[in-house]
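Residues: numbered from 1 along the sequence shown. Just so it is clear, the structure is predicted and the values come from calculations on it, not from any experiment.
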Amino acid sequence: MLIRFTFDNFKSFKEEVELSMVAGRSLQHPDHKILLGGTRKLEVLRTAAIFGKNASGKSNLIKALSFAKDLILRSPEYKQTIPVTKYRLDDEYLNKPSSFKFELAIDNTIYSYGFSVTRTEIVEEWLYEIKSTTETVLFIRKGDKITLGKIDYSHWLNSSNPSNQIVNQQMQRLYFVGEDTRRNQLFLTASVERDQPYFKSIYKWFESSLYIIRPDSKYFETEFQLIEGTNNFSKDFEEILKQLDTDIEGIHLDEVDVDKGFVKAYPYLDLQELINKMEPGSRAMLPMPDQRRFAIMKDKNGNVICYKLMTKHKKKFTESESLFSSGGYDLFEINWESQGTQRLLDLIPYLFLLKDSSVTFVVDELARSLHPEVSYKLVKSILENRNLRNSQLIFSTHEDYLLDFDLLRRDEIWFADKKSFCESSLYSLEEFKPRYDKDIRRGYLRGRFGGIPQVNERALEKVLSQPEIND
């Protein structure tokens with residue numbers, strides 16, 4: 001679970017900013033808080049909503065999270081540069097490293113993990129275990145030097161009191177990993193890749209508990225989950241689509257005959273080459289330029305099965321047609337649906353992940369292409385669902401309809417804004433301490449909290465009213 005994320009010198013962010021999920025003093029929506037166990041009692045929020053004008057830095061905040069996750073899970077190759085983008089409008093910061101810091105709660109233990117990087121090397125990296133009154137160093141890295149702290153090896157060695165000799169051997173192995181870690185690689189990543197288990201829980205959090213959804217992200221497991229009949233996936237999916245008033249009655253997998261015209265219908269795809277490369281028992285997803293996609297499976301005998309996802313809509317049949325109809329439905333191609341419906345078809349399966357475990361779900365432009373009421377009800381249902389109360393939802397949005405104290409707490413509302421030289425800032429509504437009976441949306445639109453565009457209407461009107469000049 002995310003407690004804090006802090007970073008600096010990344011894209012439009014110059015100075016250090018912090019997104020804190022620690023609950024403030026607000027008494028509203030107590031069910032929006034999670035009480036962490038372990039040695040340090042702490043109340044953490046289940047959601048954070050980031051508002052702001054275009055180019056304010058909302059997406060760059062999420063890109064900072066994404067960059068850190070990608071660097072942890074996928075190390076650059078030998079001599080490859082680290083793809084970090086620094087703040088470019090101050091020459092001093094082009095020569096400074098960019099820093100990323102996380103405070104995480106994992107299995108009732110709180111960790112502080114972070115690193116500073118340039119495009120050529122990891123400058124610093126550190127990991128601490130945080131208790132109520134103390135911080136225990138697990139490792140500190142500065143350049144090529146790794147210093148190991150107090151690591152409890154007993155858990156990993158299945159012994160409550162391992163001998164000093166065995167502990168020294170384990171430490172020596174970790175030192176060897178540290179010496180072999182490339183300058184452009186994180187020590188955390190290297191230790192996991194070399195099968196050292198001591199910091200694996202941190203790595204696994206980024207791998208399995210942090211989901212980052214961009215505006216154009218696609219969920220390519222839907223077809224396979226429908227085929228496998230995973231839990232109540234199909235039933236739940238269809239029920240949510242109905243409740244959000246999409247006019248979709250259900251979803252359907254249509255089997256496509258690869259040998260009868262499929263290749264001819266899509267000549268720009270080298271489908272046969274893809275199939276030939278697939279191993280028996282494997283599967284692949286083939287996205288199309290027109291937003292359709294095909295799920296391809298090769299069984300153990302090498303037989304190929306192909307499906308495409310379609311939606312079901314009620315259809316009015318004539319009396320004679322009804323004798324041969326399949327339940328009064330017509331099937332629509334995915335690209336026949338509106339942009340908003342296509343967005344929901346990709347978002348909903350991701351949201352099911354919130355039910356399964358304690359995850360942190362980050363969505364850039366949650367309300368993109370969605371009606372304000374749909375966005376509102378979607379967030380409301382997530383926050384009110386008891387099955388989702390161990391998970392977090394962090395999202396950015398332009399949708400001011402979500403600025404409502406009936407939906408969100410004061411400390412769950414954040415604003416991104418621009419200062420001079422296009423520098424982004426980030427701050428919480430908690431700093432303003434508005435009364436709960438105030439119309440927070442109206443105050444925002446009037447510019448009380450910043451984060452809205454300053455449009456010069458008179459100048460805009462003057463430009464648009466100029467007569468067109470013909471050559």
Side-chain angles (χ1 to χ4, degrees), residues 1-2 19-35 43-53 56 58 61-62 211 213 215 240-241 243-246 340 343-344 347-348 350-355 359-417 426-452:
M1 184 168 296
L2 181 65
L19 176 67
S20 174
M21 301 299 289
V22 178
R25 296 182 179 180
S26 174
L27 301 178
Q28 282 190 303
H29 304 298
D31 55 328
H32 289 197
K33 298 186 294 184
I34 303 171
L35 178 62
E43 288 184 320
V44 177
L45 295 169
R46 294 176 52 216
T47 192
I50 306 155
F51 298 83
K53 61 187 178 183
S56 61
K58 303 186 304 299
L61 165 64
I62 294 175
Y211 291 89
I213 313 302
I240 291 178
L241 287 171
Q243 295 304 319
L244 293 177
D245 197 21
T246 61
R343 173 76 162 154
L344 287 173
L347 269 181
I348 291 170
Y350 276 116
L351 295 175
F352 288 156
L353 298 170
L354 294 171
K355 295 197 304 183
V359 301
T360 299
F361 190 66
V362 183
V363 189
D364 192 8
E365 298 297 352
L366 174 69
R368 183 187 185 187
S369 300
L370 301 181
H371 189 279
E373 189 67 22
V374 171
S375 305
Y376 190 99
K377 291 293 175 61
L378 202 58
V379 175
K380 183 178 176 66
S381 63
I382 291 171
L383 292 174
E384 291 183 350
N385 193 313
R386 293 181 177 274
N387 295 328
L388 311 182
R389 289 194 176 172
N390 287 322
S391 294
Q392 293 173 302
L393 172 66
I394 299 170
F395 64 91
S396 69
T397 184
H398 290 291
E399 185 49 72
D400 55 78
Y401 190 61
L402 301 176
L403 277 169
D404 187 344
F405 283 143
D406 288 336
L407 180 69
L408 298 169
R409 292 163 52 101
R410 189 171 63 197
D411 47 12
E412 294 173 321
I413 297 172
W414 292 78
F415 299 107
D417 205 354
L426 181 71
Y427 51 93
S428 171
L429 182 63
E430 183 83 344
E431 297 178 20
F432 296 88
K433 293 183 170 55
R435 281 170 33 193
Y436 301 120
D437 58 346
K438 289 289 186 182
D439 186 337
I440 186 66
R441 177 174 175 269
R442 180 179 296 179
Y444 171 65
L445 294 177
R446 288 180 174 178
R448 182 183 172 194
F449 312 116
I452 62 170

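- For the pair Q392 (side chain) and L2 (backbone), a donor-acceptor distance under 3.5 Å is present.
- Here the CG atom belonging to D411 is positioned 10.5 Å from the NE2 atom belonging to H32, to the nearest 0.5 angstrom.
- Of the inter-residue distances, the one linking L351 atom CG with Y211 atom OH reads 12.0 Å to the nearest 0.5 angstrom.
- Interatomic distance, L347 CG to L244 CG, rounded to the nearest 0.5 Å: 10.5 Å.
- Residue E43 holds its CD atom at 3.5 Å from NZ of K33, rounded to the nearest 0.5 Å.
- The two residues M1 and N390 have their closest heavy-atom pair at CE-O, 3.3 Å.
- Of the possible donor and acceptor atoms, none in the side chain of R410 sits under 3.5 Å from a partner among the backbone N and O of L429.
- In this structure, the side chain to side chain contact (heavy atoms under 4.5 Å, CB included) partners of A48, at least two apart in sequence or on a different chain, are L19, M21, I394, W414.
- Under the side chain to side chain contact (heavy atoms under 4.5 Å, CB included) criterion, N385 pairs with N387, L388, sequence neighbours left out.
- Taken from CD in E365 to OG1 in T397, the straight-line distance is 6.0 Å, to the nearest 0.5 Å.
- Counted by atom type alone, S56 and D417 present zero donor-acceptor pairs between their side chains at under 3.5 Å.
- When atom types are taken as modelled, the side chain of T246 and the backbone of L241 share a donor-acceptor pair closer than 3.5 angstrom.
- Listed by chain and residue number, Y401 satisfy the ring pair (Phe, Tyr, Trp, His ring centres under 6.0 Å) test with Y376 (two or more places apart in sequence, or in another chain).
- Using a 4.5 Å heavy-atom cutoff, the side chains of I240 and L344 are not in contact.
- The two residues P372 and E399 make their nearest non-hydrogen contact at CG-OE1, 3.4 Å.
- Nearest heavy atom pair, residue G24 against residue E430, reads CA-OE2, 3.8 Å.
- For T47, the side chain to side chain contact (heavy atoms under 4.5 Å, CB included) partners are L383, L393, F395, L408, E412, not counting sequence neighbours.
- One finds the CG atom of L61 at 8.0 Å from the OG atom of S396 (value rounded to the nearest 0.5 Å).
- Applying the salt bridge (Lys or Arg N to Asp or Glu O under 4.0 Å) rule to R46 yields no partners; only residues at least two apart in sequence or on another chain are considered.
- Listed by chain and residue number, nothing satisfies the side-chain hydrogen bond (donor to acceptor under 3.5 Å, both in side chains) test with S20 (two or more places apart in sequence, or in another chain).
- In this structure, the side chains of D400 and F51 stay at 4.5 Å or more apart for every pair of heavy atoms.
- Residues meeting the salt bridge (Lys or Arg N to Asp or Glu O under 4.0 Å) test with D406, sequence neighbours left out: none.
- H398 contributes no side-chain N or O that, together with a main-chain N or O of A367, makes up a donor-acceptor pair within less than 3.5 Å.
- A search for side chain to side chain contact (heavy atoms under 4.5 Å, CB included) contacts involving Q243 returns E239, not counting sequence neighbours.
- Summarising the geometry of R409 relative to A23, their closest heavy-atom pair is NH2-CB, 4.0 Å, with the distance given to 0.1 Å.
- With hydrogens and angles disregarded, no donor-acceptor distance shorter than 3.5 Å links the side chain of R343 to the backbone of S369.
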